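Taking it in order: structure first as structure tokens, then the write-up.
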Amino acid sequence: MAEITDYLVISGGGAELKADPFGESLAFACGDCGHPVVAVAEKGQRGSSIENSSVCRGCWQHYVVEVRESVEKIVVYRAHEL
């Protein structure tokens, strides 16, 4: 996986999210409670799939990230949306 530093981060609905993509990691605010959530843009890591979803420690919402390298964009989905 390539570095995702400075990629645009959007929600599954297309809205831009406040997030900090750096290296292969992504930090963003939970869409439900605002608590920080961390994901890693690497196969088998936190947030890479439904089986390895990132979990908000504030409200336990599960997230999956999809990296679109060709357009330097990251899409953050709630796991139940997939």
Side-chain angles (χ1 to χ4, degrees):
M1 176 59 57
E3 273 199 14
I4 59 171
T5 302
D6 296 328
Y7 276 29
L8 175 65
V9 182
I10 61 173
S11 70
E16 188 172 346
L17 298 178
K18 291 182 180 179
D20 184 16
F22 183 77
E24 293 181 350
S25 298
L26 170 68
F28 60 94
C30 175
D32 291 346
C33 73
H35 193 57
V37 180
V38 175
V40 179
E42 187 175 315
K43 187 175 181 176
Q45 296 298 313
R46 179 187 308 188
S48 64
S49 66
I50 291 176
E51 295 80 22
N52 296 308
S53 60
S54 290
V55 179
C56 172
R57 303 283 184 194
C59 67
W60 305 106
Q61 179 65 261
H62 290 244
Y63 291 93
V64 176
V65 298
E66 176 188 354
V67 178
R68 298 181 182 175
E69 291 181 74
S70 62
V71 291
E72 295 188 353
K73 197 177 286 187
I74 302 166
V75 184
V76 177
Y77 297 98
R78 286 181 175 90
H80 71 270
E81 293 175 341
L82 299 175

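Predicted model, so just to flag it, every value in this text is computed and none were measured. Starting from 1, each residue takes its place in the sequence as its number.
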ask   = Tell me the side-chain hydrogen bond (donor to acceptor under 3.5 Å, both in side chains) pairs involving residues 10-21, sequence neighbours left out?
value = none
note = In short, side-chain hydrogen bond (donor to acceptor under 3.5 Å, both in side chains) pairs touching residues 27-39 with sequence neighbours left out are Asp32-Gln61, Asp32-Arg78
task = To the nearest 0.5 angstrom, please state how far the CG atom of Leu26 sits from the CZ atom of Arg46.
result = 11.5 Å
ask   = Is it true that Val9 and Val37 fall in one hydrophobic cluster, defined by side-chain heavy atoms closer than 4.5 Å?
value = yes
key: Considering all heavy atoms, the nearest Cys30-Cys33 contact   = SG-N, 3.5 Å
query = Linking Ile, Leu, Val, Met, Phe, Trp and Tyr through side-chain heavy atoms less than 4.5 Å apart, which residues share a cluster with Leu8?
reply = Ile10, Ile50, Val64, Val75, Tyr77, Leu82
query = Is a side-chain N or O of Ser53 found less than 3.5 angstrom from the main chain of Gly47, in a donor-acceptor match?
reply = no
query = What pair of heavy atoms forms the shortest contact from Trp60 to Val55, and how long is it?
reply = CE3-CG1, 3.4 Å
query = Among the clusters formed by ILVMFWY side chains lying less than 4.5 Å apart, do Val76 and Tyr7 turn up in the same one?
reply = yes
ask   = To the nearest 0.5 Å, what is the distance between CG (Asn52) and NE2 (His62)?
value = 12.0 Å
Value rounded to 0.5 Å, distance of NZ in Lys73 from CD1 in Ile4 = 15.0 Å
ask   = Side-chain heavy atoms under 4.5 angstrom apart, residues restricted to Ile, Leu, Val, Met, Phe, Trp, Tyr: same cluster for Val38 and Ile74?
value = no
